[in-house]
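Being a predicted model, the structure only gives us computed values, none of them experimental.
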Amino acid sequence: MQLTDYIRKRREKKNILLMTHLVLGYPSFEVNRQVIRQMVENGVDLIELQIPFSEPMADGPMILKANQESIEAGTTVKDCLEFAAEVTAAYDIPFLFMTYYNILFKYGVEDFFKKAVAIGIKGFIVPDLPPEEGAGFLQLAGKYEIAPILIYAPTSTDERMRELAGHARGFIYCVARRGVTGKQTDFDKDFNLYMSRCRQATNLPLAVGFGISNKEDVDFLTGQADIAVIGTRTIRLIDEHGAAAVGPFIAGLK
Amino acid sequence: MQLTDYIRKRREKKNILLMTHLVLGYPSFEVNRQVIRQMVENGVDLIELQIPFSEPMADGPMILKANQESIEAGTTVKDCLEFAAEVTAAYDIPFLFMTYYNILFKYGVEDFFKKAVAIGIKGFIVPDLPPEEGAGFLQLAGKYEIAPILIYAPTSTDERMRELAGHARGFIYCVARRGVTGKQTDFDKDFNLYMSRCRQATNLPLAVGFGISNKEDVDFLTGQADIAVIGTRTIRLIDEHGAAAVGPFIAGLK
Amino acid sequence: MTTKGYYGNWGGAFIPEVLHETFKQLNLAFEQAKGDPTFWQEYKELMSTYSCRPTPLTCADNLSDHFGGGRIYIKREDLNHTGAHKANNVMGQGLLVKRMGKKRVIAETGAGQHGVATATMAAKFGLACTIYMGEEDVMRQRPNVFWMEKMGATVVPVTSGSKTLKDAINEAFRDWVSSMDDTHYVMGTVCGPHPFPEMVAWFQSIIGLEARKQIINGFGKLPARVYACVGGGSNAMGIFQGFMDDKDVELVGVEAGGHGLESGEHAARLAGIDSSAGVAQGYKTMFLQNDDGQMRDTHSVAAGLDYVGVSPILTDLWEKGRVRFESATDKEVMAALDLTMKKEGIIPALESSHAFVQAFKEAGDLATDQALIINMSGRGDKDIFTIAHAFNDPSWKEFIRKKGEEYATD
Amino acid sequence: MTTKGYYGNWGGAFIPEVLHETFKQLNLAFEQAKGDPTFWQEYKELMSTYSCRPTPLTCADNLSDHFGGGRIYIKREDLNHTGAHKANNVMGQGLLVKRMGKKRVIAETGAGQHGVATATMAAKFGLACTIYMGEEDVMRQRPNVFWMEKMGATVVPVTSGSKTLKDAINEAFRDWVSSMDDTHYVMGTVCGPHPFPEMVAWFQSIIGLEARKQIINGFGKLPARVYACVGGGSNAMGIFQGFMDDKDVELVGVEAGGHGLESGEHAARLAGIDSSAGVAQGYKTMFLQNDDGQMRDTHSVAAGLDYVGVSPILTDLWEKGRVRFESATDKEVMAALDLTMKKEGIIPALESSHAFVQAFKEAGDLATDQALIINMSGRGDKDIFTIAHAFNDPSWKEFIRKKGEEYATD
Ligand SMILES: Cc1ncc(COP(=O)(O)O)c(C=O)c1O
Ligand SMILES: Cc1ncc(COP(=O)(O)O)c(C=O)c1O
């Protein structure tokens with residue numbers, strides 16, 4: 001798959017890649033634009049674009065608020081798709097869509113894939129769509145060559161991990177801990193064990209997200225994971241210090 | 001019985017007698033004193049002294065209030081007995097005690113009779129003591145020669161009236177209508193029928209109370225009853241215009 | 001001269017003459033109903049289709065383990081329609097009213113439960129309804145007032161006397177002496193002139209009849225003790241009657257200890273020493289009164305227990321030693337309520353909580369193969385204003401404050 | 001890939017991966033319970049000793065005569081412990097929690113009835129308990145919040161989204177994805193990911209099983225129609241299941257019409273035209289959502305009906321024509337509530353009153369030898385603030401104003 005290849009190639013040069021996340025339309029598309037520019041200029045390797053949904057069940061308070069305010073400000077799925085087309089055209093790194101299944105479902109799942117292909121999106125992260133419910137989705141992902149990013153959790157058994165690996169493409173998103181986005185994670189012995197279980201279950205690259213917020217976290221992950229995912233941290237940073245703070249922050253992670 | 005004789009003799013000279021009522025200690029014994037003087041001076045024939053009780057179940061709002069305020073002001077049964085002794089000594093008309101049974105019961109029923117005899121009280125009106133509950137009371141009334149005044153109501157059957165007549169002495173207190181003290185009574189055809197039923201049931205003089213408030217009422221009763229009872233009306237009068245208003249009011253009833 | 005309506009030295013019918021015929025008719029209707037087996041059948045049928053009888057007997061495992069003595073069973077009168085045992089009496093009297101052909105009912109109410117039950121019965125039976133309620137109780141039990149009115153009843157706040165239950169009874173009598181031709185007075189407890197104590201006790205006996213069967217089914221034998229709170233005494237008489245002939249079952253009535261028996265601010269007639277024999281409100285019993293026979297002010301956090309008199313039947317059973325009387329203070333009541341909510345998920349009315357207090361004090365004395373029954377006369381929903389206030393709940397206060405402001409600008 | 005948990009096109013289990021094992025365990029426990037006849041026995045025993053099952057079926061003679069058509073029967077879920085059908089589900093899940101050995105429960109609540117029921121169950125079963133409740137519902141249902149807290153539960157007001165039921169569900173899931181090891185999420189209605197719809201429907205089927213027997217006993221034959229309000233759909237599914245195979249019994253679900261279907265301010269998913277198929281809160285059903293798939297704000301005077309989704313089982317039955325859907329406006333609801341209180345002395349919850357509205361509209365169409373059943377899912381006590389406000393009751397307002405002032409000076 002092209003996404004996996006990209007990650008592997010990039011990893012030849014870097015010990016760990018960075019994936020960042022933002023909620024489209026929050027606080028505005030203009031700020032999104034500035035933030036993405038700074039991310040790319042400071043060496044981010046992949047960017048997750050979250051299309052806001054009114055019921056972001058798996059997200060914590062920070063991203064929940066971003067979802068809601070974006071929708072309240074009038075962000076539509078169409079706006080998100082247009083913006084995504086703009087940034088994929090402007091920057092040469094992979095962009096992924098993260099959203100909840102209802103957004104695809106209401107759009108029409110196949111139409112959504114077609115559109116994503118047209119825009120140049122490389123993968124989808126849909127946290128409320130387990131493979132049991134995603135047969136059609138996975139099939140279309142294959143057909144349209146968009147990586148369906150599946151999720152491992154610390155609660156996943158080895159067997160479950162292997163099963164998920166059979167459906168996943170691109171990379172595996174390893175949730176660092178129980179819970180929702182936006183809380184601190186303890187990177188301890190249990191975590192190391194979890195990561196080695198992940199490794200054993202799949203050959204795909206591993207991204208680790210949930211609670212990664214500083215250079216120490218990233219350093220800790222280096223060697224265990226292929227991608228460190230920075231989510232809530234940048235949203236908070238922008239809320240507090242504006243878009244301009246993102247560049248230096250990203251630069252400081254390496 | 002002495003009370004009956006008194007009434008009969010007095011009736012030889014008057015077409016109808018007047019009985020008035022007051023609540024002892026309301027608004028004060030001093031006012032009671034002034035009121036009684038004016039009543040007697042203006043020709044009242046009998047006076048009912050109500051010993052206040054906290055639960056005057058058969059009384060309407062006006063007398064209820066008088067009972068409560070008297071008790072709140074500190075009136076005791078002992079005070080009432082002393083005051084009664086004073087007025088029976090001062091005036092040569094019959095005084096009766098009206099009160100609820102608990103006052104006698106707590107005092108000791110026989111002791112209460114003895115005390116009443118010593119004071120010179122001529123009769124008792126106890127509205128919550130039907131003869132079924134008053135065997136001991138009636139026996140003591142005989143023994144101490146104090147008239148137990150029993151009550152007829154418009155709801156009493158002829159048979160019940162005859163039964164009550166068998167226990168009553170002094171006179172019968174005919175309640176003019178259903179209800180409690182203090183409301184207007186319609187003196188109509190039904191009332192005439194009621195009075196003739198009362199007459200047929202007993203040879204005792206008949207007093208009529210509840211709702212008699214002016215000369216017309218008294219005139220209406222003349223010929224049908226032996227005694228007109230003025231209750232709530234004088235209490236209201238005193239509340240509104242003071243004790244001095246009682247004399248002219250009584251004078252105006254004849 | 002008859003001793004009908006007496007229980008030992010207590011009871012009677014001290015009624016104004018104007019009600020003589022009314023009581024004659026009522027006695028007749030009641031005697032006929034008692035003699036007519038279809039009446040009780042009709043009553044049971046009504047209570048099982050309109051209310052939820054038989055009410056369950058719940059084994060309170062957590063409380064039992066907590067106190068580590070006898071098994072605690074709770075008779076669930078709270079699950080009756082309208083939320084208290086008062087429904088039993090009221091529905092029974094409703095059937096009598098139907099038989100007598102009257103068109104209107106009146107009632108006194110303290111906690112408001114009897115008022116709600118009467119308003120409910122009146123709605124169901126198509127009767128006009130007026131409820132007398134002490135002004136203080138109107139304040140304490142506002143939700144109940146609201147529901148009575150919504151069910152079509154007129155609620156008259158009584159401002160005389162101590163503005164509580166006894167004054168409401170007086171006012172109801174004052175209404176009745178003018179309205180008796182078409183009106184029945186639905187006395188709410190086993191007090192007042194005969195036949196009310198006997199009648200109300202008869203309707204409430206359904207509680208004890210059920211409870212006796214249930215404890216034998218559920219526990220295998222009779223309980224060692226049965227606890228009930230005592231206001232007028234109707235829920236107590238209701239459950240006690242099921243065990244009256246079981247001499248080994250100790251019956252315990254719990255009165256309102258208010259701020260403590262020594263404080264004078266309580267409503268303990270039989271558990272305390274402040275009462276004496278008297279005659280008021282139509283019957284003879286032990287009253288909280290002064291030496292002149294004037295009734296005293298009483299106090300209880302529970303409006304339904306805040307009463308000067310007590311059932312003549314209970315006074316007799318107390319005198320004969322068949323029922324033991326205890327009292328529970330307001331403070332003990334709040335603690336027992338709290339514990340019961342947390343341990344069992346059950347919210348007893350403030351009245352009922354008095355019975356819980358005494359049972360909790362004594363549960364540890366029983367052996368683990370013994371049982372006790374608490375009669376839970378009603379549920380605590382009606383007491384939310386009092387309970388939230390007593391627990392000093394800040395978010396409740398804040399909520400009320402905001403609502404109040406909203407209504408201030410109306 | 002399995003179609004387990006689907007009802008026609010609806011249902012499923014759209015859950016975050018972190019809950020995969022939790023659901024596996026839950027499915028297993030549920031399947032075992034279903035297959036074990038002693039489980040249902042234990043459940044029935046619990047409901048008949050702790051709650052008041054079987055709840056009565058009341059014949060509403062006055063209402064029947066008023067509308068002059070079919071006989072109106074009312075299934076009295078209001079007489080359950082805690083005052084609503086929610087107890088059935090919660091106690092059942094409580095038994096499952098015991099089997100799974102978990103130590104804590106969480107729940108969402110709208111009207112607060114499910115929260116109260118869950119807090120109650122947690123107290124009884126000795127479990128820790130957290131309840132998520134939309135901030136708007138906290139305001140609307142303050143008495144329920146108070147009781148939950150008194151029973152030892154933590155109530156968390158949810159301030160995200162529309163601050164109502166759907167947001168409380170989201171928050172409960174957010175709790176669960178971190179706490180699943182020792183925590184069970186007690187879903188309150190027949191929605192959410194499989195196995196919840198099936199599980200809740202199973203526990204609630206006790207309503208319909210009883211009602212079918214009762215109507216045959218009491219009326220001699222099956223009813224022509226059965227009415228139930230539909231929030232998530234649990235009380236409706238509960239009673240409908242008793243008559244599912246009786247093809248001549250028409251089943252009618254009544255949704256919240258709010259300010260009217262044309263106003264956009266309602267919660268009619270199946271009775272209106274504003275909904276479309278979607279996937280949210282873990283399952284696929286008809287949602288009130290916009291073209292992008294964003295959930296819309298809903299409105300109902302009844303907190304328990306104010307929900308964007310609806311049971312996938314009901315959506316299937318609607319699609320197949322087995323259940324007819326109607327809606328009742330806030331205004332119609334207040335009128336039906338008023339009439340029911342005055343005619344029968346019964347106070348339905350605002351939710352339940354929706355079912356009464358539709359039954360009243362149609363009772364006259366039935367012949368006098370036909371019957372209909374209204375499922376009275378709960379009692380209206382909890383709604384006193386809303387109802388008193390809606391009826392603009394002056395003495396209630398005055399009372400609240402005074403209480404508010406008292407607390408203002410604190
Ligand atoms: C719930 C409850 N329990 C007890 C009582 C006390 O009355 P009784 O002693 O007649 O049962 C009341 C009276 O209102 C009540 O509402
Ligand atoms: C009394 C009552 N009825 C109905 C409902 C609606 O829920 P469901 O449709 O699941 O019965 C609720 C929900 O809180 C409720 O409390």
Side-chain angles (χ1 to χ4, degrees), chain B residues 51-61 64-65 67-68 70-72 75-80 99-107 126-136 138 150-157 159-161 163-164 167 173-175 177-183 210, chain C residues 1-6 11-25 158-163 166-167 169-183 192-194 276-285 287-297 308-309:
Chain B
I51 304 176
F53 178 48
S54 58
E55 319 301 313
M57 185 203 264
D59 284 299
L64 165 61
K65 175 171 158 281
N67 273 264
Q68 283 179 209
S70 176
I71 293 168
E72 270 162 35
T75 300
T76 63
V77 173
K78 190 160 164 283
D79 297 337
C80 294
T99 194
Y100 290 82
Y101 186 56
N102 201 44
I103 298 296
L104 283 71
F105 183 83
K106 274 296 283 186
Y107 194 90
V126 187
D128 65 345
L129 191 72
E132 288 78 3
E133 298 292 349
L138 291 169
L150 297 194
I151 293 168
Y152 283 0
T155 54
S156 306
T157 60
E159 187 194 342
R160 177 68 178 170
M161 286 184 180
E163 186 189 345
L164 292 170
H167 301 294
Y173 192 121
C174 304
V175 167
R177 52 163 172 74
R178 290 164 174 73
V180 290
T181 53
K183 282 188 203 148
F210 281 41
Chain C
M1 319 285 155
T2 165
T3 54
K4 191 133 184 30
Y6 272 83
F14 296 79
I15 50 169
E17 193 56 38
V18 68
L19 288 176
H20 182 82
E21 291 303 318
T22 308
F23 271 84
K24 219 161 116 179
Q25 183 200 7
V158 176
T159 57
S160 56
S162 58
K163 303 174 187 169
K166 75 171 177 62
D167 310 286
I169 292 177
N170 291 336
E171 276 307 311
F173 271 112
R174 288 188 188 107
D175 181 318
W176 207 18
V177 295
S178 16
S179 64
M180 73 291 258
D181 294 341
D182 70 339
T183 297
H194 180 75
S276 59
V279 175
Q281 311 218 290
Y283 68 111
K284 185 192 286 188
T285 196
F287 283 100
L288 288 164
Q289 55 182 339
N290 71 13
D291 291 343
D292 268 2
Q294 312 295 3
M295 297 301 144
R296 291 161 54 148
D297 276 358
V308 291

From CD (B:Glu55) to OG (C:Ser162), nearest 0.5 Å: 7.0 Å

From CZ (B:Phe105) to CZ (C:Phe287), nearest 0.5 Å: 10.0 Å

Chain C contact via B:Leu150 - side chain, backbone, both or neither, heavy atoms under 4.5 Å: neither

Atom group of B:Pro61 that falls short of 4.5 Å from chain C, counting heavy atoms: neither

C:Asp291 atom CG, over 12 foreign heavy atoms within 6.0 Å: no

Min side-chain heavy-atom separation C:Met295-B:Asn102 under 4.5 Å: yes

Least distance between heavy atoms, B:Pro130 atom then C:Ala13 atom: CG-O, 3.6 Å

C:Tyr6 and B:Glu133, any side-chain heavy atoms less than 4.5 Å apart: yes

B:Glu132/C:Lys4 salt bridge by N-O under 4.0 Å criterion: no

Taking every non-hydrogen atom, the tightest pair across C:Met180 and B:Thr155: CE-CG2, 3.9 Å

Rounded distance [0.5 Å steps], CG in B:Leu64 versus CG in C:Asn170: 8.0 Å

Among C:Ala172, C:Ala277, C:Ala280, C:Pro193, residue most engaged with chain B (heavy-atom pairs, under 4.5 Å): C:Ala277

Region of C:Gln281 in contact with chain B, defined by heavy-atom distances below 4.5 Å: both

Choice from B:Leu129, B:Val175, B:Asp59, B:Val126 maximising heavy atom contacts with chain C below 4.5 Å: B:Asp59

C:Arg174 to B:Met57 - nearest heavy-atom pair and separation: CG-O, 3.3 Å

Interface moiety of C:Glu21 toward chain B, non-hydrogen atoms closer than 4.5 Å: side chain

Inter-residue atom distance C:Ser179.OG - B:Arg178.CZ, 0.5 Å rounding: 10.0 Å

side-chain contact (heavy atoms from CB on, under 4.5 Å) partner of C:Asp292, chosen from B:Thr75, B:Val77, B:Ile71: B:Val77

Which portion of C:Asp175 sits near chain B, non-hydrogen atoms under 4.5 angstrom: neither

Euclidean distance, B:Thr76 OG1 relative to C:Gln294 CD, rounded to 0.5 Å: 9.5 Å

CD on C:Glu17 to CG on B:Asp128, rounded to 0.5 Å: 12.0 Å

